[in-house]
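Numbering of ligands and ligand atoms starts at 1, following listing order. Numbers here simply count residues along the sequence, with the first being 1. Note that the structure is predicted; figures quoted are calculated from it, not measured.
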Amino acid sequence: MSDRIVAADVVITSPGRNYVTLKVTTADGVVGYGDATLNGRELAVASYLRDHLAPLLVGRDPARIEDTWQLLYRGAYWRRGPVTMAAIGAVDVALWDVKGKTLGQPVYQLLGGAVRARVLTYTHASAWEVPALLDAVDARLAQGFRAVRAQSGVPGLATVYGLHRDVASYEPAARGSGLVEERWDTSAYLRHAPDVLAAVREHVGPGVHLLHDAHHRLTPQQAARLGKALEPVDLFWLEDVTPAENQDVLRLVRQHTTTPLAIGEVFTTVFDVHHLITEQLVDFVRCAVVHAGGISHLRKILALAEVYQVRGAPHGPSDVSPVSFGASVHVGLATHNFAIQEYMGYPEPVHDVFPHSWSYADGYLHPGDAPGIGVELDEKLAAKFPYEPAYLPVARTLDGTLTDW
Ligand code: GCO
Ligand code: MG
């Protein structure tokens with residue numbers, strides 16, 4: 001193939017929240033897009049791409065996806081980490097997009113073709129009080145969702161991560177450069193959460209998948225206790241129980257509960273999750289296309305997971321752009337041990353800025369059959385939404401100690 005990459009540009013846009021997109025253009029005029037969004041650290045990845053990777057990409061053969069991945073990963077000397085891996089992920093997805101468009105095939109066909117008709121998805125239902133949470137769950141079920149992540153407020157706390165007292169929406173990154181501090185009390189949460197989730201189960205009956213996210217805030221003992229207390233609720237999974245850098249502690253959690261565990265949204269390579277997988281410390285691995293080095297690397301993580309009967313369930317909040325969301329749905333359609341895709345939804349203008357072939361219907365997703373990833377970028381519209389600093393809150397315990405995010 002004589003085609004070459006002639007440009008690698010970075011577009012930053014904020015249609016309701018910030019997104020960083022890599023645009024790769026070939027000599028033949030084919031354009032591929034990759035998502036490089038790292039919530040709250042967007043500009044670091046943009047610089048990594050513009051200043052360090054774009055000069056390496058121009059002149060390269062876009063068809064050599066794996067070789068480019070190896071060059072960017074091994075060639076930098078510095079490996080892993082979210083900034084590096086999001087940048088590599090963006091290049092990888094953009095090159096899969098180019099390949100699909102060049103060959104006239106949707107990416108899932110290039111990954112071996114569909115292994116299922118559609119990809120199961122879950123969404124969020126959040127509300128401060130239980131009655132409002134039950135209403136939020138009902139609203140999601142009315143939209144056809146068969147799997148719902150339920151989060152509520154905690155009595156005695158003024159704020160809880162990701163929850164708004166009056167609005168049923170969940171968008172944790174606050175616009176503005178100031179740091180938002182929340183107060184957190186794990187004991188209060190543990191006293192309340194099992195009753196909340198029991199009420200949700202009672203309300204929806206046995207047929208709906210329920211999920212819950214503990215946001216990395218428990219000790220191993222607390223995680224074990226919560227998992228045990230939630231067994232009658234029959235969760236699809238309990239997510240991020242501990243800050244999982246110390247993965248051995250999960251053995252203790254496993255010894256005490258059969259509640260399925262899901263971890264991985266902050267991990268960026270197979271080297272970060274191989275222990276979780278090979279020791280069977282989790283049931284679901286949550287690495288995202290964007291943060292774990294793109295389609296090529298996520299597929300390797302899932303291939304390892306398949307051997308250990310661990311299933312894939314990529315992170316899919318609104319900070320994963322429609323580009324890598326689409327890429328994830330292609331992987332989901334073509335990967336046997338892919339269980340479910342998180343779909344939090346997007347602020348309205350996002351769908352216009354990133355017109356996409358992927359679609360949601362009746363609790364499931366499909367990537368569509370457009371060549372490549374099937375997600376474009378309307379650059380004119382994108383320019384109307386300039387970058388605005390936005391950061392996740394931090395949490396302090398009641399005595400003022402900074403605690404896990
Ligand atoms: C999830 C995540 C989100 C995070 C967000 C941070 O499971 O969707 O935990 O809730 O808040 O992705 O960037
Ligand atoms: Mg999570």
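- Of all the atoms in ligand 1, the ones that sit under 4.0 Å from a non-hydrogen atom of His215 are 9 (O), 10 (O).
- The atoms of ligand 1 that sit less than 4.0 Å from any heavy atom of Pro317 are 8 (O), 12 (O).
- Around the Mg ion (ligand 2), the protein atoms of type N, O or S found under 2.8 Å away are Asp213 OD2, Glu239 OE2, Glu265 OE1, listed by chain and number.
- Leu95 has its side chain within reach of Val24: a pair of non-hydrogen atoms, C-beta onward, lies under 4.5 Å apart.
- Atoms NZ and OG1, on Lys23 and Thr21 in that order, are 11.0 Å from each other to the nearest 0.5 Å.
- Note: Trp184 and Tyr161 fail the aromatic proximity criterion, with ring centroids not under 6.0 Å apart.
- Atoms of ligand 1 lying under 4.0 Å from at least one heavy atom of Arg149, given by number and element, are 1 (C), 7 (O), 8 (O), 10 (O).
- Tyr33 pairs by the ring pair (Phe, Tyr, Trp, His ring centres under 6.0 Å) definition with nothing, not counting sequence neighbours.
- Below 4.0 Å from some heavy atom of Arg286 lie the following atoms of ligand 1, by number and element: 1 (C), 7 (O).
- For the atom pair Asn18 CG and Asn39 CG, the distance stands at 8.5 Å (nearest 0.5 Å).
- When only interatomic distances are considered, the shortest N/O to N/O separation between Glu342 and ligand 1 falls below 3.5 Å.
- Residues Tyr364 and Phe145 place their aromatic rings such that the two centres sit no closer than 6.0 Å.
- Ionic pairing of Asp213 and Arg286 is not present here: no N-O contact between side-chain nitrogen and carboxylate oxygen is shorter than 4.0 angstrom.
- Atom 6 (C) of ligand 1 has its nearest heavy-atom neighbour, among Asp240, Asp213, Asn39, in Asn39.
- The shortest non-hydrogen separation linking Lys101 to Val31 is NZ-O, 2.6 Å.
- Here is the list of ligand 1 atoms found below 4.0 Å of a heavy atom in Tyr161: 4 (C), 5 (C), 6 (C), 11 (O).
- In this structure, the ring of His297 has its center less than 6.0 angstrom from the ring center of Trp69.
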